[in-house]
Amino acid sequence: MKTEPLPLGLYIHVPFCKSKCEYCDFYSLPHAEEKMDDYEKALVTHLTETAPRASSHCVDTIYFGGGTPTLLGAKRLKDILAVVQKKYSVSRGAEITLEANPDTAGDWRELRTLRRAGFNRISIGMQSADDAELRDIGRIHTFEQVRAAVEAARKAKLGSISLDLIYGLPHQSMERWKENLTAAVDLAPQHLSCYGLKVEEGTPLFARKDTAALPGDEEQAEMYLYTVDYLYRHGFRQYEISNFARPGFESRHNLKYWTLGEYAGFGPGAHSDFGGVRYAYERDLDAYIRGVLDGNPMLSENERIPPLDRDTEYLMLRLRTVRGIEPKEFESLFRRRFDCFLPFLKECEKSEYAVCEEGSWHLTPKGFLVSNQIIGGMLDALGDDKKRRAEAAARGDYRVNPA
């Protein structure tokens with residue numbers, strides 16, 4: 001009997017940027033255009049070398065992230081995608097996403113070329129509708145360029161448009177955030193990602209955080225709860241803490257990360273969960289190029305995790321989603337009873353942090369605001385259960401199923 005191919009997502013990191021944003025902690029390099037040709041050669045080589053390992057898989061999502069992938073230009077992007085389409089089994093309805101900054105996505109003819117090559121989804125880094133806010137965080141585009149990029153994507157007939165927004169920006173008021181959200185919805189995208197600003201150590205914004213007039217936690221929480229309600233009223237359904245989509249337009253690639261799906265990453269800083277191994281490459285463009293072309297070491301981490309030991313990841317990732325955690329699925333996947341979590345979950349339900357619907361437990365918007373604490377409580381319950389089982393096994397009490 002023929003075995004069904006396993007689904008696989010590919011992530012291709014493009015680390016080039018025109019300039020580095022004040023808050024950005026992703027691996028990206030401004031003013032490194034002279035390395036693009038060598039990087040393309042390394043990517044193509046790496047994709048080709050890895051393809052045999054994916055022979056039992058069918059690629060159903062491809063995501064070009066960055067950095068600013070559109071800086072590579074339509075020809076390079078088209079050529080890289082052509083290699084994937086030639087070397088891998090790519091499903092007919094694969095979701096193929098291109099991240100773009102507005103100032104690099106205004107040419108509808110280039111976007112049409114990319115759409116004809118196979119790209120069918122674009123994610124545009126809008127961040128704000130206020131030019132002063134954009135300048136304050138080091139963004140080099142304007143809101144007018146956001147409008148132009150959306151118009152170009154629509155004219156190019158890209159079927160799915162997503163916009164990224166950030167709330168909690170320096171000096172941002174609730175009214176200003178409401179205006180940003182309204183402006184984004186008025187552009188009629190199919191998908192919105194709304195992230196609370198995180199000030200990461202080592203970024204320029206971190207160095208001035210004490211004088212940046214950042215909204216406090218309570219103000220960010222108010223912005224978040226307003227976002228969930230406003231987007232729901234305008235036809236966007238929340239499916240993950242920070243992600244909202246019109247029905248049928250959820251990011252299938254990003255859902256892999258939250259549902260323990262397999263994905264293979266390429267490029268400096270890219271992470272993978274493929275073949276039972278989690279691994280990542282060094283956040284160093286030159287080291288990645290040398291690693292691929294000269295055979296030098298380039299992994300920064302790797303870990304083989306037995307399937308039955310992924311219960312912790314399941315809880316941490318699935319609690320980020322509105323789908324939540326399913327007791328029957330948990331017990332089937334990890335051969336462990338779910339009832340050790342019920343006392344804690346019922347306490348969360350009393351506090352309106354969690355709800356059980358159609359047999360699944362998921363967090364409410366109020367619960368998402370304290371998701372780290374709730375996940376911590378779930379992991380404590382899991383740890384207590386594992387300890388109890390280990391003690392029972394040590395006593396020879398084999399009525400307790402092994403963890």
Side-chain angles (χ1 to χ4, degrees), residues 9-12 14 60-74 77-78 81 93-131 134 139-167 177 179-195 227-228 230-257:
L10 300 184
Y11 174 79
I12 298 170
V14 180
D60 60 351
T61 67
I62 305 168
Y63 196 104
F64 284 69
T68 309
T70 37
L71 265 188
L72 277 182
L77 290 168
K78 192 171 106 174
L81 181 58
E95 175 193 87
I96 305 178
T97 302
L98 177 68
E99 281 189 349
N101 278 341
D103 54 298
T104 63
D107 187 336
W108 73 271
R109 291 179 180 83
E110 282 216 346
L111 295 182
R112 181 180 62 183
T113 295
L114 292 169
R115 192 260 302 165
R116 288 173 173 172
F119 289 93
N120 51 30
R121 184 174 184 273
I122 188 168
S123 178
I124 299 170
M126 171 179 164
Q127 315 312 357
S128 171
D130 184 278
D131 289 351
L134 291 169
R139 300 292 290 182
I140 59 174
H141 72 268
T142 64
F143 181 57
E144 187 53 44
Q145 287 175 310
V146 175
R147 281 200 188 98
V150 171
E151 183 180 341
R154 203 158 274 137
K155 190 171 181 179
K157 298 184 179 177
L158 281 164
S160 181
I161 299 171
S162 178
L163 298 176
D164 282 5
L165 288 159
I166 301 175
Y167 59 89
W177 169 242
E179 291 169 6
N180 287 347
L181 201 55
T182 299
V185 169
D186 286 347
L187 291 173
Q190 286 80 23
H191 185 281
L192 282 165
S193 296
C194 300
Y195 302 105
T227 300
V228 175
Y230 180 84
L231 292 181
Y232 181 84
R233 287 187 282 110
H234 286 80
F236 291 86
R237 298 296 176 260
Q238 184 177 27
Y239 67 98
E240 191 266 347
I241 290 179
S242 304
N243 285 277
F244 308 80
R246 298 197 182 279
F249 287 94
E250 299 82 0
S251 170
R252 286 158 46 195
H253 183 83
N254 286 344
L255 278 168
K256 289 183 182 293
Y257 302 145

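For this chain, numbers begin at 1 and follow the sequence in order. A quick note: this is a predicted structure, and the numbers were derived from the prediction, not measured.
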Chemist: Do you know which two heavy atoms are closest between Leu163 and Ala184, and how far apart they sit?
Modeler: CD1-O, 3.9 Å
Chemist: Using side-chain contact (heavy atoms from CB on, under 4.5 Å) as the criterion, point out the one residue from Leu158, Ile124, Ile122 that pairs with Val150.
Modeler: Ile124
Chemist: Should we say atom CD of Glu151 is surrounded by more than 12 heavy atoms from elsewhere, each under 6.0 Å from it?
Modeler: no
Chemist: Is any side-chain heavy atom of Phe244 closer than 4.5 Å to a side-chain heavy atom of Arg237?
Modeler: no
Chemist: If a pair satisfies ring pair (Phe, Tyr, Trp, His ring centres under 6.0 Å) and one of its residues is in residues 94-128, list it, with sequence neighbours excluded.
Modeler: Phe64-Phe119
Chemist: Do Val14 and Leu71 make a side-chain contact, defined as non-hydrogen atoms from C-beta onward lying under 4.5 Å apart?
Modeler: no
Chemist: Hey, what do you get for NE2 (His141) to CG (Leu134), rounding to the nearest 0.5 Å?
Modeler: 4.5 Å
Chemist: Where do Lys78 and Ala117 come nearest, in terms of heavy atoms and distance?
Modeler: CG-CB, 3.5 Å
Chemist: If I take atom CZ from residue Arg121 and atom CD from residue Glu99, how far apart are they, to the nearest 0.5 angstrom?
Modeler: 9.0 Å
Chemist: Quick check: closest heavy atoms across Arg139 and Pro102, and the distance to 0.1 Å?
Modeler: NH2-CD, 4.2 Å
Chemist: To the nearest 0.5 Å, how far apart are CD1 in Ile96 and CD1 in Ile62?
Modeler: 4.0 Å
Chemist: As an exercise, state the distance from CZ of Arg115 to NZ of Lys155, rounded to the nearest 0.5 Å.
Modeler: 13.0 Å
Chemist: Please report the closest heavy-atom contact between Leu192 and Val185, naming both atoms and the distance.
Modeler: CD1-CG2, 4.1 Å
Chemist: Determine whether a donor-acceptor pair (N or O, by modelled atom type, separation under 3.5 Å) exists between the side chain of Asn120 and the backbone of Gly93.
Modeler: no
Chemist: Nearest 0.5 angstrom please: Thr68 OG1 to Ile140 CD1, how far?
Modeler: 7.5 Å
Chemist: Do Glu240 and Asn254 make a side-chain contact, defined as non-hydrogen atoms from C-beta onward lying under 4.5 Å apart?
Modeler: no
Chemist: Asp164 and side-chain contact (heavy atoms from CB on, under 4.5 Å): which single residue from Ser123, Cys194, Ser242 fits?
Modeler: Ser123
Chemist: Centre-to-centre under 6.0 Å for His191 and Tyr239, is that the case here?
Modeler: yes
Chemist: Compare every heavy atom of Asn180 with every heavy atom of Ser128, then report the nearest pair and how far apart it is.
Modeler: OG-ND2, 3.3 Å
Chemist: Take Leu181 and Leu231 through the test side-chain contact (heavy atoms from CB on, under 4.5 Å) and record every step on the way to the result.
Modeler: CA-CA 9 Å; Leu181 201 55; Leu231 292 181; 4.2 Å; yes
Chemist: Would you call the rings of Tyr167 and Trp177 parallel, tilted or perpendicular, where under 30° means parallel and over 60° means perpendicular?
Modeler: tilted
Chemist: Distance from Met126 atom CE to Arg147 atom CZ, nearest 0.5 Å?
Modeler: 9.0 Å
Chemist: Heavy atoms, side chains only, cut-off 4.5 Å: are Arg154 and Ile161 in contact?
Modeler: yes
Chemist: Side-chain contact test, heavy atoms from C-beta onward, threshold under 4.5 Å: evaluate it for Asp60 versus Glu95 and give yes or no.
Modeler: no
Chemist: Tell me the closest heavy-atom pair linking Pro189 and Arg246, and the distance in Å.
Modeler: O-NE, 3.5 Å
Chemist: Heavy atoms, side chains only, cut-off 4.5 Å: are Leu187 and Phe143 in contact?
Modeler: yes
